[in-house]
Amino acid sequence: GRTRDRDIEKREILMALGWRIIEVWECALKGRTRMSQDEVISRIVAALESDCKYTIIEGCDENTL
């Protein structure tokens, strides 16, 4: 609980300072739900090219594998 609260607090501070945040979850990088490196990179590039201030990149839904 406290770790999640701290993450939210830090994210809000960074966004208030004008930072854009791309959060890549571990499940996107390894395990059964991992994406290919090309897919992760593609999503990061898309986030950087967008006006989005906060992006989360999670692993694939196991039902779509």
Side-chain angles (χ1 to χ4, degrees):
R2 178 63 191 136
T3 299
R4 183 179 25 201
D5 293 342
R6 187 186 65 238
D7 289 349
I8 292 169
E9 184 179 309
K10 298 301 182 186
R11 183 171 44 243
E12 288 173 353
I13 290 169
L14 290 171
M15 290 175 71
L17 292 170
W19 285 74
R20 292 173 43 194
I21 298 167
I22 301 172
E23 186 175 299
V24 181
W25 288 23
E26 182 178 1
C27 61
L29 304 174
K30 62 183 184 180
R32 289 192 334 242
T33 62
R34 74 182 173 274
M35 299 177 182
S36 70
Q37 288 180 343
D38 288 341
E39 179 65 20
V40 173
I41 291 168
S42 176
R43 290 184 184 210
I44 291 170
V45 169
L48 291 171
E49 291 175 339
S50 76
D51 292 331
C52 190
K53 302 296 181 198
Y54 178 58
T55 302
I56 299 175
I57 300 171
E58 301 178 64
C60 298
D61 181 353
E62 291 186 47
N63 296 323
T64 63
L65 295 177

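FYI, the numbering just counts along the sequence from 1.
Residue pairs meeting the salt bridge (charged side-chain N to carboxylate O under 4.0 Å, His left out) criterion with at least one partner in residues 45-58, sequence neighbours excluded, are absent.
Connectivity analysis of hydrophobic side chains (ILVMFWY, heavy atoms under 4.5 Å, direct or indirect) links I41 to V45. Membership of an apolar cluster is not assigned to I8, as no side-chain contact below 4.5 Å to another ILVMFWY residue is traced.
Side-chain atoms of R34 come within 3.5 Å of backbone atoms of G31 as a donor-acceptor pair (strictly under, hydrogens ignored).
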Scan the side chains in residues 14-21 for donor-acceptor partners under 3.5 Å anywhere in the protein, sequence neighbours excluded, and list what turns up.
| residue | atom | partner | partner atom | Å |
| --- | --- | --- | --- | --- |
| R20 | NE | C52 | O | 3.4 |
| R20 | NH1 | L48 | O | 3.4 |
| R20 | NH2 | A47 | O | 2.6 |
| R20 | NH2 | L48 | O | 2.9 |
| R20 | NH2 | S50 | O | 3.2 |

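Remark: T33 OG1 to E26 CD distance equals 9.5 Å, nearest 0.5 Å. Annotation: the span from R6 atom CZ to K10 atom NZ amounts to 8.0 Å, rounded to 0.5 Å.
The heavy-atom pair separating G59 from C27 by the smallest distance is N-SG, 3.2 Å. Nearest heavy atom pair, residue I57 against residue V40, reads CD1-O, 4.4 Å.
Judged as a side chain to side chain contact (heavy atoms under 4.5 Å, CB included), and not counting sequence neighbours, the contacts of E9 are R2, I13. Every residue two or more places apart in sequence or in another chain was checked for a salt bridge (charged side-chain N to carboxylate O under 4.0 Å, His left out) with E12, and none qualifies.
Cluster membership check: I22 shares its hydrophobic cluster with M35, using side-chain heavy-atom separations under 4.5 Å among Ile, Leu, Val, Met, Phe, Trp and Tyr.
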